[in-house]
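Counting starts at 1 for both ligands and their atoms, following the listed order. Everything numeric in this text was worked out from a predicted model, so none of it was measured.
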Amino acid sequence: MRIAVTGGAGFIGSHIVDSYIAAGHEVLVIDDLSTGKAGNLNPKALFAKLDIRDAAAIDRVFTQFRPQIVNHHAAQIDIRRSVADPAFDAAVNIIGSINLLEQAVKHKAEGFIFASSGGAIYGETPTPAPETAVKAPISPYGAAKAAVENYMFVYQRTFGLPTVALRYGNVYGPRQDPKGEAGVVSIFAGAILAGETPTIFGSGDQVRDYVFVGDVARANLLAIDYLSQRAGTPETPDDCAFNIGSGVSTSVNELYRMLAEVIGFDKEAVHGDPRPGELMESRLDISRAREVLGFVPETSFGEGLRKVVDWLRG
Ligand SMILES: NC(=O)c1ccc[n+]([C@@H]2O[C@H](COP(=O)([O-])OP(=O)(O)OC[C@H]3O[C@@H](n4cnc5c(N)ncnc54)[C@H](O)[C@@H]3O)[C@@H](O)[C@H]2O)c1
(Lines give C-alpha, C1' and ligand atoms only; values in the text may rest on other atoms or scores of the structure.)
Protein backbone atom coordinates (compact mmCIF):
# COMPACT_ATOMS: atom_id res chain seq x y z
CA MET A 1 0.00 0.00 0.00
CA ARG A 2 0.99 3.66 -0.29
CA ILE A 3 1.39 4.97 3.26
CA ALA A 4 2.23 8.53 4.33
CA VAL A 5 3.96 8.54 7.73
CA THR A 6 4.16 11.92 9.45
CA GLY A 7 6.98 12.18 11.99
CA GLY A 8 8.77 9.42 10.06
CA ALA A 9 12.18 10.95 10.83
CA GLY A 10 11.49 10.77 14.56
CA PHE A 11 12.06 8.05 17.12
CA ILE A 12 8.86 5.99 16.83
CA GLY A 13 7.91 7.04 13.29
CA SER A 14 11.24 5.92 11.81
CA HIS A 15 10.83 2.41 13.26
CA ILE A 16 7.31 2.26 11.79
CA VAL A 17 8.65 3.35 8.39
CA ASP A 18 11.30 0.61 8.53
CA SER A 19 8.72 -2.06 9.30
CA TYR A 20 6.31 -0.81 6.60
CA ILE A 21 9.13 -0.83 4.01
CA ALA A 22 10.22 -4.31 5.15
CA ALA A 23 6.61 -5.47 4.68
CA GLY A 24 6.69 -4.21 1.07
CA HIS A 25 4.71 -0.97 1.43
CA GLU A 26 5.54 2.27 -0.39
CA VAL A 27 6.20 5.04 2.14
CA LEU A 28 6.23 8.84 2.03
CA VAL A 29 7.72 10.44 5.14
CA ILE A 30 6.41 13.89 6.08
CA ASP A 31 8.54 15.62 8.73
CA ASP A 32 9.86 19.13 9.39
CA LEU A 33 12.97 17.70 11.11
CA SER A 34 12.29 19.87 14.18
CA THR A 35 13.22 16.97 16.49
CA GLY A 36 13.50 14.21 13.88
CA LYS A 37 16.81 13.44 12.19
CA ALA A 38 17.69 13.04 8.52
CA GLY A 39 19.85 10.09 9.63
CA ASN A 40 16.70 8.22 10.73
CA LEU A 41 15.15 8.41 7.25
CA ASN A 42 14.81 5.07 5.51
CA PRO A 43 16.59 5.45 2.12
CA LYS A 44 13.77 3.50 0.43
CA ALA A 45 11.12 6.01 1.58
CA LEU A 46 10.19 9.22 -0.21
CA PHE A 47 10.65 12.32 1.93
CA ALA A 48 8.81 15.67 2.06
CA LYS A 49 10.21 18.21 4.50
CA LEU A 50 7.16 20.15 5.55
CA ASP A 51 5.27 21.43 8.56
CA ILE A 52 1.90 19.76 9.22
CA ARG A 53 0.50 23.20 10.05
CA ASP A 54 0.83 23.96 6.31
CA ALA A 55 -2.36 22.47 4.81
CA ALA A 56 -1.53 23.60 1.24
CA ALA A 57 1.82 21.80 1.35
CA ILE A 58 0.14 18.58 2.58
CA ASP A 59 -2.40 18.94 -0.23
CA ARG A 60 0.43 19.17 -2.80
CA VAL A 61 2.31 16.07 -1.60
CA PHE A 62 -0.91 14.05 -1.20
CA THR A 63 -1.88 14.98 -4.79
CA GLN A 64 1.37 13.42 -5.98
CA PHE A 65 1.65 10.43 -3.62
CA ARG A 66 -2.08 9.56 -3.23
CA PRO A 67 -1.68 7.81 0.17
CA GLN A 68 -4.07 4.95 0.91
CA ILE A 69 -3.19 5.13 4.61
CA VAL A 70 -2.15 8.20 6.59
CA ASN A 71 -0.15 7.27 9.69
CA HIS A 72 0.18 10.36 11.87
CA HIS A 73 3.10 10.47 14.31
CA ALA A 74 4.37 14.07 13.90
CA ALA A 75 3.84 16.06 17.08
CA GLN A 76 5.15 18.52 19.58
CA ILE A 77 5.99 15.88 22.25
CA ASP A 78 7.34 17.97 25.12
CA ILE A 79 4.74 17.99 27.91
CA ARG A 80 6.44 20.88 29.73
CA ARG A 81 6.45 22.95 26.55
CA SER A 82 2.71 22.24 26.20
CA VAL A 83 2.20 23.64 29.70
CA ALA A 84 4.35 26.70 28.95
CA ASP A 85 2.79 27.38 25.52
CA PRO A 86 -0.55 25.59 25.11
CA ALA A 87 -1.44 27.53 21.95
CA PHE A 88 1.71 26.38 20.16
CA ASP A 89 1.03 22.81 21.30
CA ALA A 90 -2.54 23.04 19.97
CA ALA A 91 -1.39 24.57 16.67
CA VAL A 92 0.85 21.57 15.94
CA ASN A 93 -0.99 18.80 17.76
CA ILE A 94 -4.62 19.74 17.11
CA ILE A 95 -4.69 21.99 14.02
CA GLY A 96 -1.88 20.01 12.34
CA SER A 97 -3.87 16.81 12.92
CA ILE A 98 -7.08 18.35 11.56
CA ASN A 99 -5.14 19.42 8.44
CA LEU A 100 -4.12 15.79 7.91
CA LEU A 101 -7.64 14.43 8.53
CA GLU A 102 -9.02 16.97 6.09
CA GLN A 103 -6.48 16.11 3.39
CA ALA A 104 -6.93 12.38 4.02
CA VAL A 105 -10.65 12.76 3.19
CA LYS A 106 -10.00 15.07 0.24
CA HIS A 107 -7.52 12.61 -1.27
CA LYS A 108 -9.71 9.58 -0.53
CA ALA A 109 -7.37 7.79 1.86
CA GLU A 110 -8.75 4.48 3.12
CA GLY A 111 -7.56 4.80 6.69
CA PHE A 112 -5.96 7.05 9.31
CA ILE A 113 -3.74 5.84 12.18
CA PHE A 114 -2.89 8.20 15.04
CA ALA A 115 -0.26 8.09 17.80
CA SER A 116 -2.28 8.87 20.90
CA SER A 117 -1.16 8.49 24.48
CA GLY A 118 -2.31 6.09 27.17
CA GLY A 119 0.01 7.86 29.58
CA ALA A 120 -1.46 11.34 29.03
CA ILE A 121 -5.20 10.99 28.47
CA TYR A 122 -6.21 8.87 31.48
CA GLY A 123 -5.60 10.36 34.91
CA GLU A 124 -4.24 8.34 37.82
CA THR A 125 -4.82 4.63 37.12
CA PRO A 126 -4.33 2.54 40.27
CA THR A 127 -5.60 -0.44 38.27
CA PRO A 128 -4.85 -0.98 34.55
CA ALA A 129 -7.05 1.38 32.51
CA PRO A 130 -9.18 -0.10 29.72
CA GLU A 131 -9.93 2.10 26.67
CA THR A 132 -13.28 3.08 28.18
CA ALA A 133 -11.71 4.52 31.37
CA VAL A 134 -12.51 8.14 32.20
CA LYS A 135 -10.37 10.62 30.30
CA ALA A 136 -8.78 13.13 32.66
CA PRO A 137 -5.73 14.66 30.97
CA ILE A 138 -3.76 17.05 33.17
CA SER A 139 -1.55 18.64 30.48
CA PRO A 140 -2.37 20.55 27.28
CA TYR A 141 -0.46 17.77 25.46
CA GLY A 142 -2.87 15.15 26.86
CA ALA A 143 -5.89 17.35 26.20
CA ALA A 144 -4.76 17.70 22.57
CA LYS A 145 -4.43 13.92 22.13
CA ALA A 146 -7.96 13.43 23.52
CA ALA A 147 -9.28 16.24 21.29
CA VAL A 148 -7.75 14.69 18.16
CA GLU A 149 -9.36 11.35 19.01
CA ASN A 150 -12.71 13.15 19.14
CA TYR A 151 -12.04 14.80 15.76
CA MET A 152 -11.09 11.39 14.34
CA PHE A 153 -14.44 10.04 15.46
CA VAL A 154 -16.14 12.95 13.67
CA TYR A 155 -14.16 12.26 10.50
CA GLN A 156 -15.08 8.60 10.75
CA ARG A 157 -18.81 9.11 11.41
CA THR A 158 -19.43 12.22 9.33
CA PHE A 159 -16.91 11.90 6.49
CA GLY A 160 -16.53 8.08 6.37
CA LEU A 161 -12.76 7.98 7.03
CA PRO A 162 -11.82 4.77 8.92
CA THR A 163 -9.60 5.75 11.85
CA VAL A 164 -7.70 4.07 14.65
CA ALA A 165 -5.95 5.62 17.65
CA LEU A 166 -3.07 3.74 19.27
CA ARG A 167 -2.72 4.87 22.89
CA TYR A 168 0.89 4.16 23.74
CA GLY A 169 2.44 3.65 27.15
CA ASN A 170 5.98 4.97 27.65
CA VAL A 171 7.71 3.96 24.44
CA TYR A 172 11.47 3.34 24.63
CA GLY A 173 14.15 1.92 22.37
CA PRO A 174 17.04 2.77 20.06
CA ARG A 175 16.93 6.26 18.41
CA GLN A 176 15.18 7.87 21.41
CA ASP A 177 17.16 11.00 22.19
CA PRO A 178 19.13 10.61 25.47
CA LYS A 179 19.30 14.41 25.61
CA GLY A 180 15.61 14.93 24.85
CA GLU A 181 12.78 16.02 27.13
CA ALA A 182 10.97 12.68 27.05
CA GLY A 183 12.20 9.13 27.40
CA VAL A 184 13.52 8.30 30.84
CA VAL A 185 15.14 5.05 29.66
CA SER A 186 17.41 6.80 27.13
CA ILE A 187 18.05 9.74 29.47
CA PHE A 188 19.11 7.48 32.36
CA ALA A 189 21.11 5.12 30.15
CA GLY A 190 22.87 8.05 28.43
CA ALA A 191 23.75 9.61 31.79
CA ILE A 192 25.05 6.36 33.34
CA LEU A 193 27.15 5.57 30.27
CA ALA A 194 28.66 9.07 30.54
CA GLY A 195 29.59 8.26 34.14
CA GLU A 196 26.91 10.53 35.63
CA THR A 197 24.37 9.55 38.27
CA PRO A 198 20.82 10.22 37.00
CA THR A 199 18.34 12.14 39.11
CA ILE A 200 15.01 10.49 39.95
CA PHE A 201 12.33 13.14 40.48
CA GLY A 202 10.36 12.40 43.65
CA SER A 203 10.29 9.02 45.42
CA GLY A 204 10.78 6.91 42.28
CA ASP A 205 7.66 4.92 43.16
CA GLN A 206 5.85 6.33 40.09
CA VAL A 207 4.81 3.43 37.86
CA ARG A 208 4.57 3.40 34.08
CA ASP A 209 3.96 0.88 31.31
CA TYR A 210 7.21 0.79 29.31
CA VAL A 211 6.74 -0.64 25.82
CA PHE A 212 9.54 -1.41 23.37
CA VAL A 213 9.49 0.52 20.09
CA GLY A 214 9.68 -2.67 17.99
CA ASP A 215 6.43 -3.84 19.57
CA VAL A 216 4.87 -0.44 18.82
CA ALA A 217 5.97 -0.69 15.17
CA ARG A 218 4.26 -4.10 14.98
CA ALA A 219 1.05 -2.62 16.38
CA ASN A 220 1.15 -0.13 13.48
CA LEU A 221 1.34 -3.01 11.00
CA LEU A 222 -1.62 -4.72 12.71
CA ALA A 223 -3.55 -1.43 12.59
CA ILE A 224 -3.49 -1.55 8.77
CA ASP A 225 -5.10 -5.01 8.74
CA TYR A 226 -7.62 -3.82 11.31
CA LEU A 227 -8.60 -0.80 9.19
CA SER A 228 -9.17 -2.93 6.12
CA GLN A 229 -11.14 -5.64 7.94
CA ARG A 230 -13.19 -3.65 10.43
CA ALA A 231 -16.91 -4.24 10.32
CA GLY A 232 -19.67 -2.14 11.91
CA THR A 233 -19.87 1.49 12.88
CA PRO A 234 -18.05 2.71 16.00
CA GLU A 235 -20.31 4.32 18.56
CA THR A 236 -17.74 6.21 20.59
CA PRO A 237 -14.12 7.36 20.10
CA ASP A 238 -13.06 4.53 22.44
CA ASP A 239 -14.36 2.01 19.89
CA CYS A 240 -11.60 3.22 17.52
CA ALA A 241 -8.81 3.10 20.14
CA PHE A 242 -6.33 0.54 21.48
CA ASN A 243 -3.99 0.71 24.44
CA ILE A 244 -0.54 -0.35 23.25
CA GLY A 245 1.75 -1.23 26.12
CA SER A 246 3.62 -4.15 27.62
CA GLY A 247 0.80 -4.78 30.11
CA VAL A 248 3.44 -4.62 32.88
CA SER A 249 3.86 -1.65 35.21
CA THR A 250 7.34 -0.77 36.45
CA SER A 251 8.45 1.87 38.96
CA VAL A 252 11.21 4.36 38.16
CA ASN A 253 13.27 2.88 41.02
CA GLU A 254 12.94 -0.58 39.48
CA LEU A 255 13.84 0.77 36.04
CA TYR A 256 16.97 2.37 37.53
CA ARG A 257 17.97 -0.88 39.27
CA MET A 258 17.52 -2.94 36.09
CA LEU A 259 19.40 -0.44 33.95
CA ALA A 260 22.28 -0.13 36.44
CA GLU A 261 22.57 -3.92 36.40
CA VAL A 262 22.60 -4.13 32.58
CA ILE A 263 25.34 -1.48 32.42
CA GLY A 264 27.24 -2.67 35.52
CA PHE A 265 26.87 0.62 37.44
CA ASP A 266 26.88 0.42 41.22
CA LYS A 267 25.98 3.95 42.41
CA GLU A 268 22.64 4.77 44.02
CA ALA A 269 20.40 7.22 42.13
CA VAL A 270 20.08 10.80 43.35
CA HIS A 271 16.53 11.92 44.22
CA GLY A 272 15.30 15.42 43.28
CA ASP A 273 12.06 17.27 44.00
CA PRO A 274 8.92 15.68 42.55
CA ARG A 275 7.74 17.26 39.31
CA PRO A 276 4.50 19.19 39.75
CA GLY A 277 1.59 17.55 37.98
CA GLU A 278 3.34 14.24 37.41
CA LEU A 279 1.11 11.15 37.66
CA MET A 280 1.98 8.54 40.28
CA GLU A 281 0.38 5.59 38.54
CA SER A 282 -0.09 5.01 34.85
CA ARG A 283 -1.14 1.44 34.04
CA LEU A 284 -2.66 0.13 30.81
CA ASP A 285 -4.99 -2.78 30.19
CA ILE A 286 -3.96 -4.14 26.78
CA SER A 287 -6.56 -6.94 26.52
CA ARG A 288 -8.49 -5.24 23.72
CA ALA A 289 -5.34 -4.90 21.57
CA ARG A 290 -4.55 -8.58 22.23
CA GLU A 291 -8.04 -9.77 21.35
CA VAL A 292 -8.99 -7.49 18.46
CA LEU A 293 -5.65 -6.51 16.87
CA GLY A 294 -3.80 -9.71 17.76
CA PHE A 295 -1.12 -7.56 19.42
CA VAL A 296 1.37 -9.41 21.63
CA PRO A 297 4.26 -7.47 23.20
CA GLU A 298 7.32 -9.61 22.52
CA THR A 299 10.22 -7.74 24.06
CA SER A 300 10.74 -8.04 27.83
CA PHE A 301 11.88 -4.93 29.66
CA GLY A 302 15.30 -6.44 30.41
CA GLU A 303 15.84 -7.35 26.75
CA GLY A 304 14.67 -3.90 25.59
CA LEU A 305 17.00 -2.14 28.05
CA ARG A 306 19.94 -4.15 26.69
CA LYS A 307 19.04 -3.06 23.14
CA VAL A 308 19.02 0.62 24.19
CA VAL A 309 22.38 0.28 25.95
CA ASP A 310 23.91 -1.53 22.94
CA TRP A 311 22.62 1.22 20.66
CA LEU A 312 23.99 4.01 22.87
CA ARG A 313 27.36 2.24 23.08
CA GLY A 314 27.32 2.19 19.25
N1 LIG B 1 7.61 8.46 23.07
C2 LIG B 1 6.53 8.08 23.74
O3 LIG B 1 6.63 7.44 24.81
C4 LIG B 1 5.13 8.41 23.22
C5 LIG B 1 4.02 8.01 24.00
C6 LIG B 1 2.74 8.29 23.51
C7 LIG B 1 2.58 8.93 22.30
N8 LIG B 1 3.67 9.32 21.58
C9 LIG B 1 3.44 10.00 20.30
O10 LIG B 1 4.17 9.31 19.28
C11 LIG B 1 4.53 10.26 18.26
C12 LIG B 1 6.02 10.17 17.97
O13 LIG B 1 6.75 10.54 19.15
P14 LIG B 1 8.32 10.30 19.31
O15 LIG B 1 8.56 9.90 20.73
O16 LIG B 1 8.81 9.43 18.21
O17 LIG B 1 8.88 11.78 19.17
P18 LIG B 1 9.84 12.47 18.08
O19 LIG B 1 10.03 13.89 18.52
O20 LIG B 1 11.06 11.63 17.86
O21 LIG B 1 8.95 12.42 16.77
C22 LIG B 1 8.10 13.46 16.35
C23 LIG B 1 8.43 13.79 14.92
O24 LIG B 1 7.52 14.78 14.45
C25 LIG B 1 8.24 15.77 13.74
N26 LIG B 1 7.48 17.02 13.83
C27 LIG B 1 7.26 17.77 14.96
N28 LIG B 1 6.52 18.84 14.67
C29 LIG B 1 6.24 18.77 13.34
C30 LIG B 1 5.51 19.60 12.43
N31 LIG B 1 4.91 20.73 12.86
N32 LIG B 1 5.44 19.24 11.14
C33 LIG B 1 6.06 18.10 10.70
N34 LIG B 1 6.76 17.29 11.50
C35 LIG B 1 6.85 17.63 12.81
C36 LIG B 1 9.60 15.84 14.40
O37 LIG B 1 10.61 16.39 13.58
C38 LIG B 1 9.84 14.36 14.74
O39 LIG B 1 10.49 13.69 13.67
C40 LIG B 1 4.06 11.62 18.77
O41 LIG B 1 2.78 11.88 18.23
C42 LIG B 1 3.95 11.41 20.26
O43 LIG B 1 3.04 12.32 20.83
C44 LIG B 1 4.95 9.07 22.02
Of the protein's non-hydrogen atoms, which lies at the shortest distance from atom 19 (O) of ligand 1, and what is that distance? Thr35 OG1, 2.7 Å
Please check whether His72 reaches ligand 1 - meaning an N/O of the residue sits under 3.5 Å from an N/O of the ligand, judged on distance alone. no
Considering only protein heavy atoms, which is closest to atom 20 (O) of ligand 1, and at what distance to one decimal place? Phe11 N, 2.8 Å
How far is atom 9 (C) of ligand 1 from its nearest protein heavy atom, and which residue and atom name does that atom have? Ala115 CB, 3.8 Å
Do any N/O atoms on Val92 end up under 3.5 angstrom from N/O atoms on ligand 1? no
For Gly36, atoms of ligand 1 separated by under 4.0 Å from a heavy atom: 36 (C), 37 (O), 38 (C), 39 (O)
Using the rule side chain to side chain donor-acceptor pair (under 3.5 Å), only one of Glu131, Lys135, Arg167 pairs with Tyr122; which is it? Arg167
With only distance considered, is Asn170 within less than 3.5 Å of ligand 1 through an N or O on each side? no
For a 4.5 angstrom cut-off between non-hydrogen side-chain atoms, does Tyr172 reach Val213? no
Polar contact flag for His73 and ligand 1 (N/O pairs, less than 3.5 Å): yes
Please report the C-alpha distance between Arg257 and Glu254 in whole Å, then the side-chain angles of each, then the deciding distance to 0.1 Å, and finally whether the salt bridge (Lys or Arg N to Asp or Glu O under 4.0 Å) criterion is met. CA-CA 5 Å; Arg257 268 195 298 278; Glu254 179 66 9; 2.9 Å; yes
Please list the nearest protein heavy atom to atom 13 (O) of ligand 1 with its residue and the distance rounded to 0.1 Å. Ile77 CG2, 3.8 Å
Any side-chain to backbone donor/acceptor pair from His15 onto Gly214? Under 3.5 Å, distance only. no
Find the distance between CG (Asp78) and CG (Asp89) and round it off to the nearest 0.5 Å. 9.0 Å
Look at atom 28 (N) of ligand 1 and say which protein heavy atom is nearest, naming residue and atom and giving the distance to 0.1 Å. Ser34 OG, 3.5 Å
Can you see whether His72 engages Ser97 through a side-chain donor-acceptor pair at a distance of less than 3.5 angstrom? yes
Would one find an N or O of Lys145, backbone or side chain, under 3.5 Å from an N or O of ligand 1? yes
Where on Tyr141 is there a heavy atom closer than 4.0 Å to ligand 1, on the side chain, on the backbone, on both, or on neither? side chain
Within the 4.0 Å heavy-atom shell around Gly169, which atoms of ligand 1 are there? 3 (O), 5 (C)
If hydrophobic clusters are built from ILVMFWY residues whose side chains come within less than 4.5 Å, do Phe11 and Val27 share one? yes
With atoms numbered from 1 as shown, which atoms in ligand 1 lie under 4.0 angstrom from a non-hydrogen atom of Leu50? 32 (N), 33 (C)
Is there a salt bridge (Lys or Arg N to Asp or Glu O under 4.0 Å) between Asp31 and Lys37 once you walk through the steps? CA-CA 9 Å; Asp31 201 298; Lys37 296 183 179 67; over 6 Å; no
Provide the number and element of each atom of ligand 1 under 4.0 Å from a heavy atom of Ser116. 6 (C), 7 (C)
If you scan protein heavy atoms around atom 39 (O) of ligand 1, the nearest is Asp31 OD2, 2.5 Å
Which of these, Leu46, Val17, Val70, Val5, sits in a side-chain contact (heavy atoms from CB on, under 4.5 Å) with Leu28? Leu46
Is any side-chain N of the basic residue among Glu281 and Arg208 closer than 4.0 Å to the acidic one's carboxylate O? no
With ring centroids as reference points, do Phe301 and Phe212 lie under 6.0 angstrom apart? no
Could you tell me, atom by atom, which parts of ligand 1 come under 4.0 Å of a heavy atom of Ala9? 39 (O)
For ligand 1, which atoms, with element, lie under 4.0 Å from some heavy atom of Leu33? 37 (O)
Name the closest protein heavy atom to atom 44 (C) of ligand 1, giving the residue it belongs to and the distance to 0.1 Å. Ile12 CD1, 3.6 Å
Salt bridge Lys307-Asp310, side-chain N to carboxylate O under 4.0 Å: no
To which of Leu100, Val171, Asp78 does the heavy atom nearest atom 2 (C) of ligand 1 belong? Val171
For atom 30 (C) of ligand 1, grab the closest protein heavy atom and report residue, atom and distance to one decimal in Å. Asp32 OD2, 3.2 Å
Please determine, by modelled atom types, if Gln76 and Tyr141 share a side-chain donor-acceptor pair under 3.5 angstrom. no
Would one find an N or O of Ala74, backbone or side chain, under 3.5 Å from an N or O of ligand 1? no
